[in-house]
Amino acid sequence: MAPATLLGSSGGSGGSGDSGDSGGLVDRFGRRAVDLRVSLTERCNLRCTYCMPAAGLPFAPDDALMTAAEIERLVRLGTARFGVRKVRFTGGEPMLRHDLADVIARCAALPDAPELSLTTNAIGLAHRAGALRDAGLRRVNVSLDTIDPGVFATVTRRPFLDRVIDGLEAAATAGLAIKVNAVLLRGVNDALAPDLMRWCLDHGYELRFIEQMPLDSDHAWDRTSMITAAETRTLIGSSFELLPDEAPRDGAPAERFRVLSRETGAFLGTIGIIASITESFCADCTRTRLTADGHVRSCLFSDDETDVLGPMRSGATDDEVAELWRRAMWAKPRDHGDDSDDLVHPTRGMSAIGG
């Protein structure tokens, strides 16, 4: 279908007269997306139990994925037309893109260059942290659920904890800001949460505990077995005192806490808790997403996608691509994938959607 035909079908609230402020990605509920997540690949070198089957998944072929130039064009549209201020590159594992430094450098050189960060498992980061920092990267969010080697191998199905730790150390040496993302699994690593938190505080890494979400490819997620944010606060509250951080949340997914020593009362650092399921922050969401194969997703949980890569490759102008993107965001659901109070379990898993 040609881009002109795509744009010619207006009907209902998706029409150009109803698509919100032309200066930004606004939805029907008044939310404005200024935080862009860009998935670079569906592939990963881990097989985390809450994300991907042990045997892996069928991945999109390389020629179906956005090129560095196509990513640059879409990020430019996001920053120049829609006021996007932050871009985080995700996957899969984005370090598996050999042109990652080129992607980052292109986006860092844009006239309205956004703050650039990367979600990664840090395997291989030890050899690339400096080059990525030089290209324009400013922060890494490293997925690390435990510092126990045996438990790490159980969760990820790979014995690579030493590589992750080496990657974190290299990132710190390169001057990158560091956040650590952890998912607690009942009976697996939940009892080790205080140990991970203490280790992150000692190293100056900001830890963020994330509720397990229904984004696994085999749809085995069960709400009753999920460690909730309330349980997480109890788990770590036995070892540390938590005080709500007074800084404005400003649409951020993590609720931040100041951490104090229970023995001395000394300030130890900050942590965050992301309660996507039990304490939804959908009403303040500021995110828009691009999958590795060039589809706009307005919501992590929704199955609604809008292809922008196909029209781009068919000759769509910037105006046409921007209008497709704007309409996709105008139709953003109210909460957790739809406009009801139900939780949608998307067909595509996290590795295909991007974090």
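Since we're looking at a predicted model, the values are computed, not measured. Along the sequence shown, residues are numbered consecutively beginning with 1.
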Lys/Arg N to Asp/Glu carboxylate O, Glu323 vs Arg327, below 4.0 Å: yes

Salt-bridge criterion met for Asp112 and Arg81 (N-O under 4.0 Å): no

Ignoring hydrogens and angles, write down the donor-acceptor pairs under 3.5 Å from the side chains of residues 171-185, residues two or more places apart or on other chains.
residue : atom : partner : partner atom : Å
Thr173  : OG1  : Glu169  : O            : 3.0
Asn181  : OD1  : Arg208  : NE           : 3.3

Taking atom types as modelled and ignoring hydrogens, do the side chains of [X] and [Y] form a donor-acceptor contact shorter than 3.5 angstrom?
X	Y	answer
Asp148	Asn189	no
Thr41	Glu93	no
Thr278	Glu211	yes

Approximate separation, where rounding is to 0.5 Å, of Asn141 CG and Asn121 CG: 12.5 Å

Gap between atom OG1 of Thr119 and atom CZ of Phe89 - 0.5 Å precision: 11.0 Å

Pairs where residues 51-71 contributes a residue and the test side-chain hydrogen bond (donor to acceptor under 3.5 Å, both in side chains) is met, not counting sequence neighbours: Thr67-Glu70, Glu70-Arg313

Contacts of type side-chain hydrogen bond (donor to acceptor under 3.5 Å, both in side chains), residue [X], not counting sequence neighbours:
X	answer
Glu263	Ser261
Asp166	none
Thr228	Glu231

Can you list every pair that meets salt bridge (charged side-chain N to carboxylate O under 4.0 Å, His left out) and has a residue in [range], with sequence neighbours left out?
range	result
residues 118-127	none
residues 132-143	Glu115-Arg139
residues 187-205	Asp195-Arg198
residues 237-256	Glu206-Arg256, Asp245-Arg256

Hydrophobic cluster partners of Leu243 (side-chain heavy atoms under 4.5 Å): Leu260, Phe267

Results of side chain to side chain contact (heavy atoms under 4.5 Å, CB included) for Pro248 - residues two or more places apart only: none

Option among Thr286, Leu36, Leu74 that satisfies the side chain to side chain contact (heavy atoms under 4.5 Å, CB included) test with Val84: Leu36

Partner residues of Tyr205 under the ring pair (Phe, Tyr, Trp, His ring centres under 6.0 Å) criterion, sequence neighbours left out: Trp199, His203

